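Single-structure report; data block below.
Computed from a predicted structure; not experimentally measured. Excluded from the calculations below are hydrogen atoms, water molecules and symmetry mates; all remaining heavy atoms, backbone and side chain alike, are included.
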Amino acid sequence: MSPTDPTTTLPLLSVEGVSKRFGEIEVLRSVDLRVARGEVLAVIGASGSGKTTLLRCLNGLEVPDAGRVAIADTAIDFSARPAPRELRALRDRSAMVFQHYHLFPHRTVLENITEGPLVVQRRPRDQVHEEALALLERVGLASRAGAYPHELSGGQQQRVGILRALALRPELLLFDEPTSALDPELVGDVLTLMRDLAAEGWTMVVVTHELQFAREVAQQVAFVDQGRVLEHGAPEQVLRAPREERTRQFVHRLLRPL
């Protein structure tokens, strides 16, 4: 399985002036971003800076108060309240991998992976099961197809979460701090899978504190601070020679130094 049209050079994701407020708190402030097909964008920043809200706005889990989000040829201008069908169309273009896995506890590994393609996309059962088993084989979890989430380690659960996203055949993969809930010894397998996906040309937006991963894998890094993209550029620039003092403080605290 591979991403759609990996050779296309036009931006797959376009974010223009996206803002979001919860009551009196302005969580996102006129965010602009572009991600080409096959690129990885790493979004970094302190807890509470707006990173997760930004990610959720990209596929309609949160509805921005203003701005425009486009994934491929599906676009929503949030100056007016979007219709549910518009949000569904945007959501169909991407798949989210959550920090705390969010697997269905009462369903097996195989059922967790096949639920979306069968129920939402209404694809043929035999085809969906064949693809799901191939995905499990890829990450060494084929023998766990009949297991339930509580029978897996955290790293195994997160890999199943990634496979569940891949099974939807999305054009854009969204990762919300996919390793932050894992014990340190379990992080490596998840990051290896993500590196492989990046090498295959999947378009990814990754909210992460794994700055070494961002440096190695991402084509661009966005540092978010108090709801704004304070600094944005190539990993070598943002992580090695940040222009903003706030970025320097954040990077130094996490890398000490690279």
Side-chain angles (χ1 to χ4, degrees), residues 8-99 102 120 165 168 170-178 180 203-209 214 218-234 237-238 242-247 250:
T8 303
T9 57
L10 294 175
L12 175 68
L13 173 67
S14 176
V15 181
E16 300 174 5
V18 165
S19 299
K20 177 67 179 178
R21 179 184 295 273
F22 294 112
E24 297 299 313
I25 301 174
E26 194 173 13
V27 181
L28 295 177
R29 308 181 187 195
S30 194
V31 171
D32 297 316
L33 292 168
R34 302 283 187 280
V35 183
R37 285 187 186 273
E39 278 193 333
V40 177
L41 165 65
V43 181
I44 64 173
S47 297
S49 60
K51 307 184 303 298
T52 294
T53 300
L54 171 61
L55 207 64
R56 291 171 65 86
C57 285
L58 298 185
N59 76 341
L61 289 175
E62 295 288 354
V63 179
D65 299 318
R68 180 180 181 273
V69 174
I71 302 176
D73 58 359
T74 300
I76 299 181
D77 184 342
F78 291 97
S79 59
R81 185 77 179 181
R85 61 178 175 76
E86 293 180 285
L87 292 174
R88 284 195 300 270
L90 188 69
R91 200 169 295 135
D92 286 346
R93 294 287 194 169
S94 65
M96 179 88 81
V97 178
F98 297 93
Q99 179 178 352
H102 287 195
V120 178
L168 293 168
E171 294 185 78
L172 176 66
L173 287 169
L174 306 171
F175 293 84
D176 186 13
E177 299 194 33
S180 64
T203 310
M204 300 158 60
V205 177
V206 184
V207 170
T208 185
H209 284 102
Q219 283 74 42
Q220 48 178 316
V221 175
F223 174 66
V224 178
D225 185 59
Q226 297 183 354
R228 290 190 175 93
V229 177
L230 188 63
E231 191 154 357
H232 180 207
Q237 181 265 303
V238 176
R243 299 186 182 97
E244 300 290 334
E245 177 60 28
R246 180 70 186 92
T247 315
F250 178 82

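The side chain to side chain contact (heavy atoms under 4.5 Å, CB included) search around R228 returns R29, not counting sequence neighbours. E24 pairs by the side chain to side chain contact (heavy atoms under 4.5 Å, CB included) definition with nothing, not counting sequence neighbours. In this view, D225 and R246 satisfy the side-chain hydrogen bond (donor to acceptor under 3.5 Å, both in side chains) rule, not counting sequence neighbours. Under the rule for a side chain to side chain contact (heavy atoms under 4.5 Å, CB included), the partners of R81 that lie at least two apart in sequence or sit in another chain are V63. Judged as a salt bridge (Lys or Arg N to Asp or Glu O under 4.0 Å), and not counting sequence neighbours, the contacts of E16 are R34, R68. For D65, there are no side-chain hydrogen bond (donor to acceptor under 3.5 Å, both in side chains) partners at least two apart in sequence or on another chain. Under the rule for a side chain to side chain contact (heavy atoms under 4.5 Å, CB included), Q226 has no partner lying at least two apart in sequence or in another chain. Legend: residues meeting ring-ring contact (aromatic ring centres under 6.0 Å, His included) with F98, ordered by chain and number and at least two apart, are H102. In this structure F175 satisfies the ring-ring contact (aromatic ring centres under 6.0 Å, His included) test with no other residue, sequence neighbours excluded. Among residues two or more places apart in sequence or in another chain, the side-chain hydrogen bond (donor to acceptor under 3.5 Å, both in side chains) test is passed with R93 by D73, T74, E171. The side-chain hydrogen bond (donor to acceptor under 3.5 Å, both in side chains) check on T247 picks up E231, with sequence neighbours excluded.
You'll find the side chain of V229 stays beyond 4.5 Å of the side chain of L54, heavy atoms only. Annotation: side chain of K20 is not in contact with side chain of F78 (no heavy-atom distance under 4.5 Å). Contact check for L12 versus V35: no side-chain heavy atoms found under the 4.5 Å cut-off. Looking at L172 and T203, their side chains come closer than 4.5 Å, going by heavy atoms from C-beta outward.
Atom CD1 in I44 sits 9.0 Å away from atom OG1 in T208 (nearest 0.5 Å). To the nearest 0.5 Å, atoms CZ (R56) and CG (L58) are separated by 11.5 Å. Rounded to the nearest 0.5 Å, atoms CG (L55) and OG (S94) are 8.5 Å apart. A distance of 6.5 Å separates CG of N59 from CG of L90, quoted to the nearest 0.5 Å. Interatomic distance, NE2 of H232 versus CD of Q237, reported as 9.5 Å (0.5 Å rounding). To the nearest 0.5 Å, atoms SG (C57) and CG (L28) are separated by 5.5 Å.
Without hydrogens or angle criteria, K51 side chain to V206 main chain gives no donor-acceptor distance under 3.5 Å. The main-chain N or O of V40 is found under 3.5 Å from a side-chain atom of Q219 such that the two form a donor-acceptor pair.
Between P82 and L87, the shortest heavy-atom distance links the atoms CG-CD2, 3.9 Å. Heavy atoms only, all atoms of each residue included: V238 and G233 are closest at CG2-N, 3.5 Å. L168 approaches A95 most closely through the heavy-atom pair CD1-CB, 4.1 Å. Here the closest non-hydrogen pair linking F250 and G45 is CE1-C, 3.4 Å. Between V97 and P178, the closest heavy-atom pair is CG1-CB, 4.5 Å. Contact detail for V221 and A214: the closest heavy-atom pair is CG2-CB, 4.4 Å.
More than 12 heavy atoms of other residues, nucleotides or ligands lie within 6.0 Å of CZ in R21, so this atom counts as buried by the packing criterion.
Annotation: side chain to side chain donor-acceptor pair (under 3.5 Å) contacts involving residues 39-49, sequence neighbours excluded, comprise E39-Q220.
A side-chain donor-acceptor contact under 3.5 Å links S180 and Q99.
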